[in-house]
Amino acid sequence: MEYRFQEIEKKWQHFWKINQTYRVEETSTKPTFYVLDMFPYPSGAGLHVGHPLGYIASDIFARYKKHIGFNVLHPMGYDSFGLPAEQYAIQTGQHPAKTTKENIDRYREQLDKLGFNYDWSREIRTSSPSYYKWTQWIFMQLFNSWYNPITNKAASINELIKEFEQQGLSADSLSALHGGIETEVTPFSASEWAGFTEQKQQGILMNFRLAYLGESYVNWCPALGTVLANDEVVNGLSERGGHPVERKLLKQWSMRITAYAQRLLDGLDGVDWFDSIKETQRNWIGRSEGASVHFPLLNHEGSIEVFTTRPDTLFGVSFLTLAPEHELVTLLTTDEQRDAVASYVSTSKNRSERERMADVNTISGVFTGSYATHPFTKEPIPIWIGDYVLVGYGTGAVMSVPAHDERDYKFATHFSLAIKHVISPSADHDFNMGAWTEKSGTMINSDFLNGLSVTEAVQRMISDIAENGYGSKRINYRLRDAVFGRQRYWGEPIPVYFKEDIPYLIPEDQLPLDLPEVDKYLPTEDGDPPLGRATHWKFEEVYEYEKSTMPGWAGSSWYFIRYLDPTNELQLASPEKIAYWGNVDLYMGGAEHATGHLLYARFWCKFLHDLGILPFDEPFRKMINQGMILGRSSFVYRVVGQQTFVSAGMKDGYETTPIHVDISLVNNDELDLEGFKAWRSDYKDATFVLEPSGVYLCGYEVEKMSKSKYNVQTPDELVDRFGADTLRMYEMFLGPVEQSKPWDTKGITGVHGFLKKYWRLFHIDGTFEVNETTPTKEHFKTLHKTIRKIREDLDRFSFNTGVSNFMICVNELTESKCNFRQILEPLTVLLAPYAPHITEELWEKLGHEPGSLYAAAYPEFNPDYLIESDYEYPVSFNGKMRFKVSLPLSLSIEEIQATILTQAETIKWLEGKATKKIIIVPGKIVNVVI
RNA sequence: GCGGAUGUGGUGAAAUUGGUAGACACGCUAGACUUAGGAUCUAGUGCCGAGAGGUGUGCGGGUUCGAGUCCCUCCAUCCGCACCA
């Protein structure tokens, strides 16, 4: 009988479903193992071949853990709130819930075809009210909490209120409270607190809450009435529609993740993640030590506070630079400079932060006309505005030391500002060529710092500015608070209502606050978010609810907890179940989440840990990041301004625009012309310039798979043609999971052939037949060599070499016509995690209870079968391998040397020269140095 | 700009600790078989060379008996950068 994979896979998928083979309970006393995949956003394009890469790897690992005796939790769900469904709703009027449900059904169908061991009884969807009830609940806890810098953990805001009532807020405790918290609060006494209005009190508390309403800059597009991501802004215009975009201060909900900056940094030491991801997070958090220094304003009250990591260079300051958005800009601009500053500020407004950071070649800036005083020398320092200074980092103002900072150097050179050398550089440094930015050298022109090393000067300066009250030592983090409000429809409503402009939480027993129906998914005419269209969107029909919704990352920041107890209506999850499973043992997902999701999930985990809800404070113990599977996009070339398309080989001499074309219309780069014309109505009258051979050839490029690039390859077609087991093994065989690679189906026949070959081992002339007698030593050697390799490969997540080793094994067994039960039975268990369907079928044929393979014990490696008496030594001369000689492993180094030297080959390669040295590593190599 | 990663045959890749470079596949070449198949099997296949042999892991240098692996310089490509999920 031939390998009829379609029948077999259908049969077992049905069997697993009916018998709930993969259902997991908390009753087992086995050790637990929690394997988690990053859940997908169910997009309209369906699952593409890139998604399963990680799912297959984690499925193999989960099955392996099950075979070696663990109670394994491997759940799946959907991150189902998000922008694409909303965009689709805006275009078609279709409710996002409907689109989302259809997409989920499609995903489920696709996932089911791949034979995963998910416990579907635990499925969650972030957009279902029974789930987002708890997302809202967590928001409420964050709102009701502040970060206590003394205990270094989150605590109830009531504690803080009590403290205010009893002691007020002293200057001392205010500075202690800072601990990463930015506040604009001035000290007050207990009696002052009691006398404050409710509004004032709530305003003060807002500076401490972990979920708070604050102001932050966004890319605002007035024409679309919406906020845009940096990605959606191109040259100051919106990607969609090309409307002007400006940076605008907007009052919105934020999360005080900065309070956790240090703990988020420290926690990285304890998790087993790729160094690259940890490094990215460290960089994102961006801790830097330095000082904050105040420069008093000349002719104005107050001062400019700057943050610097180089307090040693304070005497080299020749100007200050403010971000264009800095709050002092208006005050400091003199009448003569007003026009120039206004025009500069409005230009910067239209540049995204990304552009401003990336554009290093254009130096731009403008003088305010005002001066500050140098704290030590009392000299006047000009105050400039430059858009390379970002308002969100540090204090939005920098002290510019052109002699020792490259950016400042360029700025100073461009505007002919003073350059003061305060460190003597190494002899070969030329200040005409650039700044001396090394943190080495001796201080000069720096008063009391003269003669000190840079390191000494940093310390000395920090203590001097503190003593004189000019500033203080400061640790700065690049990490910014996370904006939490979105002016969108398809997200979790924020469970807040407003009474006299003060936000209050709705009562907990009214959760979930359901997403209301609206007539359109667009902002209102007066610029409110879509929820402003809902009727009765009021608490107790009186007080307006918050109209913005939560961001996509809200639901995904805690979903790993909900899987533990997905239907609990009283708690996030029961403490017993949380304790039973603990945190995620293996997290599998894309590295593109390094700074978003992974940071937020860690933040919420630490917060819930502070509240005593979670016993652990890191969510993901070990993580593997699968690489992205890239698509091969095809292009047609349209002549500018015409409906004529030029073939790739003919396009020289035409001015053309490349346009993505659906890969289903392209076969071996050849375009299906009729299909193309029918593809879109505006192409129906297209004309073509063909190759001399009469075909239209498309160009191609390897890029991210996405619906908009029409390069999505779905797994379905491949499953139909080759089966799920083949696709599973092929995706693993492509290369290391963590590596990105372009998708290509060329090699799939090799893997399919392997499964057929494996199947044939059990059949003679098409009939199932295994030999019950004892195999030879060679057969056992093949088996045990494979067991060792497969287990080693699994332990180090090297799935691609695992597949190779199975191939080697089956090739050897085929060659020796091995059909011994004692070999094939363990091999079947060994292969089961990779190819669950074919192995279940053969396991049943071998006479076992159907479905029992999943929990069968994994074969153990026995080294006795691999003991060898001889070893074939490669013999090198000066490191070049020349010949091999087989010698007993029992020989001593002296005996090996003696034998080698008498070999005829040795004499030939010595060419009569004397040996200088002979390196012998027993069981490894011989190297003769001549 | 900042940060991260990766460069090995025609292609995907392997080489876990510095020890035989290219396992395992795809593709290609030649052949066998014939229910002419998206089937199976045999042989070959890094490059140069008739061969002996030489040469070879992005470029250039270094350490070592020995370097794909360690160190330095340079080059190229890909990914992320806070409202895409």
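Note that the structure is a prediction, hence the values are computed from the model and not measured. Every heavy atom of this structure was used, including side-chain atoms; hydrogens, water molecules and symmetry mates were not. In what follows, chains carry the letters A, B, and so on, assigned in the order in which the sequence lines appear, proteins first and then strands, with residues in each chain numbered from 1.
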Atom CZ of A:F733 to atom C1' of B:U11: distance rounded to whole Å? 12 Å
Would you indicate which nucleotide in B:A85, B:C65, B:C41 comes nearest to any side-chain atom of A:V929? B:C65
Checking one value: the base orientation of B:G9, syn if chi is within 90 degrees of 0, otherwise anti. syn
Is there side-chain contact between A:W604 and A:W553, with at least one heavy-atom pair below 4.5 Å? yes
Report the base-pairing partner of B:G66 (Watson-Crick or G-U wobble, both distances below 3.5 angstrom), or none. none
Re B:G1: Watson-Crick or G-U wobble partner, both distances kept under 3.5 Å, found to be B:C81
Pairing partner (Watson-Crick or G-U wobble, both distances under 3.5 angstrom) of B:U6: B:A76
Identity of whatever pairs with B:C41 - Watson-Crick or G-U, under 3.5 angstrom: B:G31
Residue closer to the 5' end of RNA chain B, A:G753 versus A:R882 (nearest nucleotide): A:G753
A:Q281 side-chain N/O to B:G4 phosphate OP1/OP2 under 4.0 Å: no
Would you say A:R486 places a side-chain N or O within less than 4.0 Å of OP1 or OP2 belonging to B:C83? yes
Can A:N927 and A:K917 be counted as having a side-chain donor-acceptor contact under 3.5 angstrom? no
Have a look at A:P40 and say if it touches a base, only the backbone sugar-phosphate, or nothing, with a 4.0 Å heavy-atom cut-off. nothing
For a quick check of understanding: with a heavy-atom distance under 4.0 Å over all strands, which category does A:D275 fall into, base, sugar-phosphate or nothing? nothing
Closest nucleotide among B:G4, B:C41, B:A13 to the A:K757 side chain: B:C41
Write down the partner of B:G49 under the Watson-Crick or G-U wobble criteria, each distance required to be under 3.5 Å. none
Cut-off 3.5 Å, side chains only: do A:N476 and A:S288 have a donor facing an acceptor? no
If I take atom CE in residue A:M881 and atom P in nucleotide B:G18, what distance separates them, rounded to the nearest angstrom? 21 Å
Go through B:A14, B:A85, B:C65 for me and flag the one nearest to the A:P84 side chain. B:A85
At under 4.0 Å between heavy atoms, what does A:G627 touch on the DNA or RNA strands: base, sugar-phosphate, or nothing? nothing
Is there a side-chain contact between A:N283 and the phosphate of B:G80, meaning an N or O under 4.0 Å from OP1 or OP2? no
Can you see if the side chain of A:K924 gets near the phosphate of B:G19 - specifically, an N or O under 4.0 Å from OP1 or OP2? no
Picking from B:G12, B:C24, B:G27, which would you name as closest to the side chain of A:T749? B:G27
Greater than 12 external heavy atoms within 6.0 Å of A:F797's CZ: yes
Listed nucleotide nearest any side-chain atom of A:M807, set B:C41, B:C24, B:A14: B:C24
Would you state whether a donor and an acceptor, one from the side chain of A:Q252 and one from the base of B:C83, lie under 3.5 Å apart? yes
Does a donor on one side chain sit under 3.5 Å from an acceptor on the other, for A:Y88 and A:N103? no
Expressed in angstrom and rounded to an integer, what is the separation of A:K880 atom NZ from B:G19 atom P? 16 Å
Which of B:C83, B:G12, B:U20 is nearest the side chain of A:I925? It is B:U20
When you measure from the side chain of A:N800, which nucleotide among B:C83, B:A13, B:U20 comes out closest? B:A13
By nearest-nucleotide position on RNA chain B, the 5'-leaning member of A:E815 and A:I919 is A:E815
Checking B:A39, B:A13, B:G4 against the side chain of A:K756 (C-beta onward), the nearest is B:A39
Going by distance alone, is a donor N or O of one side chain under 3.5 Å from an acceptor N or O of the other, for A:W273 and A:Q281? no
OP1 or OP2 of B:U16 sitting under 4.0 Å from any side-chain N/O of A:R791? no
Of the nucleotides B:G4, B:A14, B:A23, which one has an atom closest to the side chain of A:S804? B:A23
Per atom distances to the A:N927 side chain, the nearest of B:G66, B:G12, B:U20 is B:G66
